[in-house]
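What follows is a set of notes on a single structure, which appears directly below.
As the structure lists them, so they are numbered: ligands from 1, and atoms in each ligand from 1.
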Amino acid sequence: MKSTKEKIACLTSYDGSFAKIQDETGVDVLLVGDSLGMVLHGDETTLNVTMSNMIYHTRLVTNNCHRALVISDMPYKSYTSPAQALENARRLAHESNTDMVKMEGGKEISEAVASITQDGIPVCGHLGLMPQSIHKLGGYRVQAKTEAEANKLKEDAILLQVSGADCLVLECVPAKVAADISSLLDIPVIGIGAGVGCDGQVLVVYDILGLSEQKFKFSKNFLSGRDSISDAIKAYVAAVKNNSFPRLSHSYE
Ligand code: KIV
């Protein structure tokens, strides 16, 4: 899709009923995000999510998805060393049938990423705003605003690709930085709050249906003015594919 410049439409998915609708309405990638800790459990961060939570929710999704690619988050502290990362990635792949695992971090996790990809399990990286590092980042805010931070982000992105990562999520970074990284890398870059220049977009499914209390600049309620969840999801997929989402108003400078 990256080589033919077809935008990749991705949404989070946490259970079978949503996965079935999303799969049938043409979403390309279903991300079982550890955002489920906040969205489903009501926690303030993603830090309490466990391997068992991820395996359970990913199974619900993979059991009901026949077409879309499924990516599942490795939870907080499940990949602190290459050996632990490999053990947990194998467990997630075997017990949940996920197609790919996602991990937050750059240089510091590159050996762990290499150990998993060399084992034949595809990996999606995640850079920019990394919710598992929320206490270190000091809050949910835009990342890589300075030139030095943007350069570090680019170096980390390249290192993840060299370590074997198959795609990359960029969260809450200036649109120009995300567009540069997308053209620099061979692997697809999927943005959230990262502008229209990425190879695809991801949003939290509850946000696009107006179910979340908090409203985010980078998201949009696609159910508004429509009659069904299917229609809202179809509208999201179409908007990503024809570049009408995200607009400048959903992006950061
Ligand atoms: O956990 C998640 O849902 C995510 C996306 C918001 C990218 O990582």
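- With a 4.0 Å cut-off on non-hydrogen atoms, Asp34 touches ligand 1 through its backbone as well as its side chain.
- Contact annotation for Asp73 and ligand 1: only side-chain heavy atoms (C-beta onward) come within less than 4.0 Å of the ligand.
- Every atom of ligand 1 with a heavy atom of Gly33 under 4.0 Å away is listed here by number and element: 1 (O), 2 (C), 3 (O).
- Ring pair Tyr56/Tyr14: centre-to-centre distance not below 6.0 Å.
- Nearest heavy atoms, Met130 versus Gly105: SD-N, 3.3 Å.
- Among the atoms of Glu171, none of the N or O lies under 3.5 angstrom from an N or O of ligand 1.
- Stacking of Lys220 on the aromatic ring of Phe222 is recorded, both the 6.0 Å distance cut-off and the 45° axial limit being met.
- With respect to atom 6 (C) of ligand 1, the closest heavy atom belonging to the protein is Ile192 CD1, 3.7 Å.
- With no hydrogens or angles considered, no side-chain donor-acceptor pair links Tyr76 and Thr45 at under 3.5 Å.
- If you look at Thr46 next to ligand 1, there are no close heavy atoms at all, none under 4.0 Å.
- Side-chain contact between Ile121 and Arg90 is present, with heavy atoms from C-beta onward closer than 4.5 Å.
- Ligand 1 has an N or O atom lying under 3.5 Å from an N or O atom of Lys102, backbone or side chain.
- Among protein heavy atoms, atom 2 (C) of ligand 1 sits closest to Ser35 OG, 3.3 Å.
- The two residues Gln22 and Ser13 make their nearest non-hydrogen contact at OE1-OG, 2.7 Å.
- The two residues Leu209 and Asn221 have their closest heavy-atom pair at C-OD1, 3.9 Å.
- In this structure, OG1 on Thr46 lies 11.5 Å from CG on Asn53, to the nearest 0.5 angstrom.
- Among Leu31, Leu203, Leu170, the residue whose heavy atom lies closest to atom 7 (C) of ligand 1 is Leu31.
- Of all atoms in ligand 1, numbered sequentially from 1 with element shown, those under 4.0 Å from a heavy atom of Thr12 are 3 (O).
- Of all the atoms in ligand 1, the ones that sit under 4.0 Å from a non-hydrogen atom of His126 are 8 (O).
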